[in-house]
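Structure, as structure tokens:
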Amino acid sequence: MNMKKLLAALLACAMMAGVLSACGAAEEPKGDANPGGASVENESNDRTEPYRLGYINMSGYGATFEAITTVLESMCDAAGVELVPVQMAGGGADGFITAYENLVNMGIDGVMASSSSEGQVRLIAELFEQNDVDWFLVNRRLSDSDLQEYVFSQSRLVGNEFCYEEETAYQVVKQLHEEYGMKNLAVIGLTLGDAAGDLRDQGIAKACEEFGVTLLTETRGISSASDVTNAVEGIITSYPEVDGFFIVGGSVTNGALAGASQALANHGMEDKVVIGMIDIASGMEEYMGEGKPLKVVAGGNLLMDWVISCSCMINYANGIDTDKTPYILNTSVMYVKTPEDAVDYSTYYENPTTPMMSGDQWYDTLLGKDVDTIQAFVDNYTLDYARSLSE
């Protein structure tokens with residue numbers, strides 16, 4: 001639970017809700033690191049044709065998803081894997097299932113699978129198990145223990161990854177408090193019942209209790225800039241002591257950022273109130289810097305979700321850690337705090353036209369590597385490192 005780009009990803013927010021993870025140790029791939037691709041002979045298959053890896057292409061939902069497609073294409077091209085895209089098959093929950101049925105009918109070998117709700121995951125698991133298709137569960141944290149046990153018992157599940165939403169929210173509040181002295185917080189949150197939002201609420205509550213921050217009020221269920229402007233102005237009137245706002249993310253991000261900033265400007269409070277945010281928003285650098293309210297933005301894990309999934313699937317196809325499935329990995333967020341970092345984030349990391357890495361860089365970092373190495377790469381990935389890859 002993206003951002004950016006999340007404005008255009010309005011519909012995709014609900015769809016791309018979940019997240020789980022997978023980690024393992026590893027064995028070396030047979031032969032070399034396989035710069036020639038996944039058409040090599042591996043522990044599972046004597047493959048003579050490229051591995052066909054499917055996914056739902058959601059690039060029409062905004063720049064974040066365009067960047068995801070660009071990265072997947074680059075990695076698969078380097079690995080000699082055939083990336084097989086399919087479009088979302090209509091709206092609603094059935095759109096995902098139908099899209100995956102279409103991929104199965106196209107004869108794919110593996111799938112990077114996301115879902116709009118936890119309830120779809122059992123159907124997805126059954127579909128791939130029945131059709132002998134490898135799959136990786138992307139960006140989905142399973143809260144139902146029975147469902148988790150069932151999904152992880154499936155023989156075709158390669159892995160699963162997710163981001164710890166509560167820790168992300170905790171860190172945003174912590175940084176606002178410790179770095180900017182924020183003591184009285186108002187939250188512009190996601191609708192109650194949202195899987196990511198509820199976890200983020202837990203992180204906010206934990207941080208407020210630990211650091212003595214007062215949670216003054218919460219506003220939910222609004223997304224337009226004008227509605228947020230009115231809400232923030234109402235909060236300023238009712239709680240003149242407010243010195244911080246937390247925009248908790250999702251489809252509300254862009255509208256809330258613009259609306260909250262406008263309200264603060266209307267009252268001459270842009271340099272008196274700080275804003276923290278989850279999810280990268282396009283143009284956010286306009287609201288950052290000296291005398292501007294936006295101080296901490298946490299995001300970037302959605303792109304890395306797919307980087308993890310794709311690299312794990314390619315490596316699995318080449319026989320790496322095939323006896324250690326299903327893997328569990330976790331993504332981490334990046335923290336953006338300056339307008340310069342905001343620009344570089346979009347240039348060197350989440351770029352719709354230029355992948356974060358290309359060619360041999362994928363083999364230097366992720367391809368041909370065991371899952372422990374992949375997890376370490378994710379844990380240590382920073383904006384400075386992203387910049388260095390372009391040098």
Would you kindly say whether [X] and [Y] are connected by a side-chain donor-acceptor distance under 3.5 Å?
| X | Y | answer |
| --- | --- | --- |
| K295 | Q175 | no |
| Y335 | Q171 | no |
| Q120 | S116 | yes |
| D144 | Q148 | no |
| E233 | N266 | yes |
| E82 | Y51 | no |
| N351 | T353 | yes |
| N105 | E101 | no |

Has the side chain of [X] got a donor or acceptor atom that lies under 3.5 Å from a matching backbone atom of [Y]?
| X | Y | answer |
| --- | --- | --- |
| N318 | I314 | yes |
| S390 | R387 | yes |
| T168 | Y164 | yes |
| D305 | V138 | no |
| N131 | V133 | no |
| S311 | L366 | no |
| S115 | E118 | no |
| T229 | G259 | yes |
| S74 | M357 | yes |

Within this structure, what is the [atom1]-[atom2] distance for the pair [X] and [Y], rounded to the nearest 0.5 Å?
| X | Y | atom1 | atom2 | answer |
| --- | --- | --- | --- | --- |
| N315 | K369 | CG | NZ | 9.5 Å |
| I235 | L216 | CD1 | CG | 8.5 Å |
| I278 | R200 | CD1 | CZ | 4.5 Å |
| I247 | I188 | CD1 | CD1 | 5.0 Å |

Students often mix this up, so state it plainly: with edges at 30° and 60°, are the rings of [X] and [Y] parallel, tilted or perpendicular?
| X | Y | result |
| --- | --- | --- |
| W306 | Y55 | perpendicular |
| Y381 | Y349 | tilted |
| F377 | Y385 | perpendicular |

Would you call [X] and [Y] a salt bridge, taking side-chain N to carboxylate O under 4.0 Å as the test?
| X | Y | answer |
| --- | --- | --- |
| R52 | D109 | no |
| E179 | K174 | no |
| R141 | E166 | yes |
| K183 | D243 | no |

Heavy-atom closest contact ([X] atom, [Y] atom, distance):
| X | Y | answer |
| --- | --- | --- |
| V173 | L185 | CG2-CD2, 4.2 Å |
| A386 | Y348 | O-CB, 3.9 Å |
| I56 | A99 | CD1-CB, 3.7 Å |
| N184 | V213 | N-CG1, 4.5 Å |
| P85 | L83 | CD-O, 3.4 Å |
| V333 | C163 | CG1-SG, 3.9 Å |

Are [X] and [Y] side-chain neighbours, meaning at least one heavy-atom pair lies under 4.5 Å?
| X | Y | answer |
| --- | --- | --- |
| T325 | F152 | no |
| H267 | V273 | no |
| L103 | V84 | yes |

For atom CD of E241, is the number of surrounding heavy atoms from other residues, nucleotides or ligands below 6.0 Å larger than 12? yes
State whether the number of non-hydrogen atoms from other residues, nucleotides or ligands found under 6.0 Å of E178 atom CD is greater than 12. yes
Within 45° of the axis and under 6.0 Å from the centre of the six-membered ring of Y287, does NZ or CZ of K292 qualify? no
Those residues at least two apart in sequence (or on a different chain) that pass side-chain hydrogen bond (donor to acceptor under 3.5 Å, both in side chains) with E129 are S155
Linked, directly or transitively: [X] and [Y] (ILVMFWY side chains, under 4.5 Å):
| X | Y | answer |
| --- | --- | --- |
| V296 | V343 | no |
| M304 | L199 | no |
| L303 | L383 | yes |

Counting the benzene-type ring for Trp, do Y316 and F136 have ring centres under 6.0 Å apart? no
Set out, in order, the CA-CA distance, both residues' side-chain angles and the distance that settles side-chain hydrogen bond (donor to acceptor under 3.5 Å, both in side chains) for E270 and S261, then state yes or no. CA-CA 7 Å; E270 279 191 299; S261 298; 5.5 Å; no
Begin with the C-alpha distance, continue with both residues' side-chain angles, and end with the deciding distance and a verdict on salt bridge (Lys or Arg N to Asp or Glu O under 4.0 Å) for K206 and D201. CA-CA 9 Å; K206 178 183 175 182; D201 287 346; over 6 Å; no
